[in-house]
> 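A single structure is presented below for examination.
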Number of protein chains: 2
Amino acid sequence: MRADILDSAVRLFAAHGFRGTSLQDIASDVGCSKASLLYHFTNKDAILSELFAPIGQEFETLLQRLAPLSGEEAARAAVAGVVDMSLRFRNQVKILLLDVDTMLDHPDLPCVDDVTESLVDALVGRVPEQEPRVAGWMALLGIFLTTARGVSIPDETMRSELTSGAFRTLGLSS
Amino acid sequence: MRADILDSAVRLFAAHGFRGTSLQDIASDVGCSKASLLYHFTNKDAILSELFAPIGQEFETLLQRLAPLSGEEAARAAVAGVVDMSLRFRNQVKILLLDVDTMLDHPDLPCVDDVTESLVDALVGRVPEQEPRVAGWMALLGIFLTTARGVSIPDETMRSELTSGAFRTLGLSS
DNA sequence: ACGATAACTGACCGATCGGACAGTTCTGTC
DNA sequence: GACAGAACTGTCCGATCGGTCAGTTATCGT
């Protein structure tokens, strides 16, 4: 039941935003009462927090995987990791895209700026030949964000498109 | 007075989203009563619509300027136009970033998907050597969107960074 | 000075929101 | 079948929202 709620919530939040989705909307989608939601979750924010819990862990893992790497190897691993996460957490990314600054008061929610900063920090001085260009990483973040826009392309095609696009952005040969 | 209201509104909408900004918030920022806002504008939506009026016109102008062009010239003009607009309408872009799908019922508001589609349509078959790559244009849209995230960089530096980044994304030499 | 009109406001309304809570139903154990 | 606890619900509440409206104040041409 918790899984059903989370499933409906992530879909509705991604479609209409956090503020644009009421508890009643989720309850109707699940097929239960609003009060039932608040039995399984302490409040509306708790639903949101739980949706983003795995992302924080995965991002930490990605940063750790990047830590020992350097140079072009680090850049390629970063691209692959970001593309992979953006595809697997598409709805969550879309929620961030919709509500990015409206929920800064949620301490356990990933902040897009923090994510970007962490990525840039993790790669400063490691990308070959040139310092990481601001626009390049912004474009990579753009890919990360716009992936969520629901382009109707098979995931594998999308993956290679995104990867080669990001490589090109960062001046790497694909 | 109308100008003061629009000025506060675009700033608050960009900071907290359309739904996250109440009429009282705007009124407090302006320094007048909520009822005064609704004297100058028929409703909250009308404020939003007026904020986006110039963008639609400018985008039409951009598309017309692209129409007679082709090949690399078209791509470069598109990049320059998008970068220019994203810098000049930074707050409006950020509002779209925050509320992109939550306001599909606003007929006179630019839809990010439409903007992307128009740009891609305007350039399909015109970019040299290769078809426009999905990821490349998604990244360009990403730049367009993430420009609004308020990176503290002078506009001229930003402009050249964004332009060279977009060129790299599209496989053009800068 | 005065009347007309624009500009503005306080008070109020209906709707909706997140959330609280007492009470009911379901489910499994002995 | 009796009991316990989990699962669930209907109903209510305070707060807040967008919007209305009668009434007040400021502005300006004459």
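The sequence lines fix the lettering, A, B, ..., with proteins before strands; numbering per chain opens at 1.
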> Would you say D/dC8 has OP1 or OP2 under 4.0 Å from some side-chain N or O of A/Tyr39?
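For A/Tyr39, the contact criterion (side-chain N or O under 4.0 Å from OP1 or OP2 of D/dC8) is not met.
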> Reading nucleotides 13-29 of chain C from the 5' end, what letters show protein touch, with B for base, S for backbone sugar-phosphate only, - for no heavy atom under 4.0 Å?
----SBB-B--------
> Anything under 3.5 Å between a protein N or O and an N or O of nucleotides 22-28 of chain D, put it in a table, one pair a line.
none

> Output yes when at least one side-chain N/O atom of B/His40 is less than 4.0 Å from OP1 or OP2 of C/dC8, else no.
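Checking C/dC8 against B/His40, a side-chain N or O does come within under 4.0 Å of OP1 or OP2.
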> Identify each donor-acceptor pair in which a side-chain atom of residues 24-37 of chain B lies under 3.5 Å from a protein atom, sequence neighbours left out, and give them as a table.
from	atom 1	to	atom 2	distance (Å)
B/Gln24	NE2	B/Ser28	OG	3.2
B/Asp25	OD1	B/Ser22	OG	3.4
B/Asp25	OD2	B/Ser22	N	3.0
B/Asp25	OD2	B/Ser22	OG	3.1
B/Ser28	OG	B/Gln24	O	2.9
B/Asp29	OD2	B/Ser8	OG	2.6
B/Asp29	OD2	B/Arg11	NH2	3.1
B/Ser33	OG	B/Ser36	N	3.2

> Which residues pass the salt bridge (charged side-chain N to carboxylate O under 4.0 Å, His left out) test with B/Glu60, not counting sequence neighbours?
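Residues passing salt bridge (charged side-chain N to carboxylate O under 4.0 Å, His left out) with B/Glu60: none at all.
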> Closest approach of B/Arg19 and A/His16, non-hydrogen atoms and distance?
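That closest heavy-atom pairing would be NH1-O, 4.1 Å.
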> Atom CD1 of B/Ile26 and atom C1' of D/dC17: how far apart are they, to the nearest Å?
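Spelled out: CD1 on B/Ile26 to C1' on D/dC17 is 13 Å.
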> For A/Ser36 and D/dA7, is the shortest distance between a side-chain N/O and OP1 or OP2 below 4.0 Å?
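No, no such contact exists.
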> Might you point out which heavy atoms bring B/Asn43 and B/Ala46 nearest each other, and give the distance in Å?
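Heavy atoms only, the tightest pair is OD1-N, 2.9 Å.
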> Expected output is a numbered-order residue list: members of residues 1-12 of chain A with a heavy atom under 4.0 Å from any atom of DNA chain D. What is it?
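Per residue number, the list reads A/Met1.
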> Of the options A/Leu48, A/Asn91, A/Ile47, which is the one that meets A/Val10 in a side chain to side chain contact (heavy atoms under 4.5 Å, CB included)?
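Looking at A/Leu48, A/Asn91, A/Ile47, the match for A/Val10 under the side chain to side chain contact (heavy atoms under 4.5 Å, CB included) is A/Asn91.
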> Taking side-chain hydrogen bond (donor to acceptor under 3.5 Å, both in side chains) as the test, write out the residues that go with B/Arg65, two or more places apart.
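side-chain hydrogen bond (donor to acceptor under 3.5 Å, both in side chains) check on B/Arg65 returns nothing, list empty.
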> Which heavy-atom pair separates A/Gly17 from A/Thr21 by the least distance, and what is that distance?
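Closest pair (atom of A/Gly17, atom of A/Thr21, distance): O-OG1, 2.8 Å.
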> Under a single-linkage definition using a 4.5 Å side-chain heavy-atom cutoff for Ile, Leu, Val, Met, Phe, Trp and Tyr, are B/Tyr39 and B/Ile5 assigned to the same hydrophobic cluster?
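No; tracing contacts between hydrophobic side chains, which count when under 4.5 Å, never links both residues.
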> What's the spacing between B/Met1 CE and B/Asp7 CG if we round to 0.5 Å?
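Answer for the CE-CG pair, B/Met1 versus B/Asp7, is 11.5 Å.
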> Take the C1' atoms of the five end pairs on each side of the helix from C/dA1-D/dT30 to C/dC30-D/dG1, derive the two axes, and give their angle rounded to 10 degrees.
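End-to-end axis angle for the helix from C/dA1-D/dT30 to C/dC30-D/dG1: 10°, rounded to 10°.
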> Applying side-chain contact (heavy atoms from CB on, under 4.5 Å), name anything that partners B/Leu38, two or more places apart in sequence or on another chain.
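B/Leu38 satisfies side-chain contact (heavy atoms from CB on, under 4.5 Å) with B/Leu23 once adjacent residues are dropped.
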> How long is the gap from CZ on A/Phe18 to CZ on A/Phe13, to the nearest 0.5 Å?
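Going from the CZ atom of A/Phe18 to the CZ atom of A/Phe13 covers 5.0 Å.
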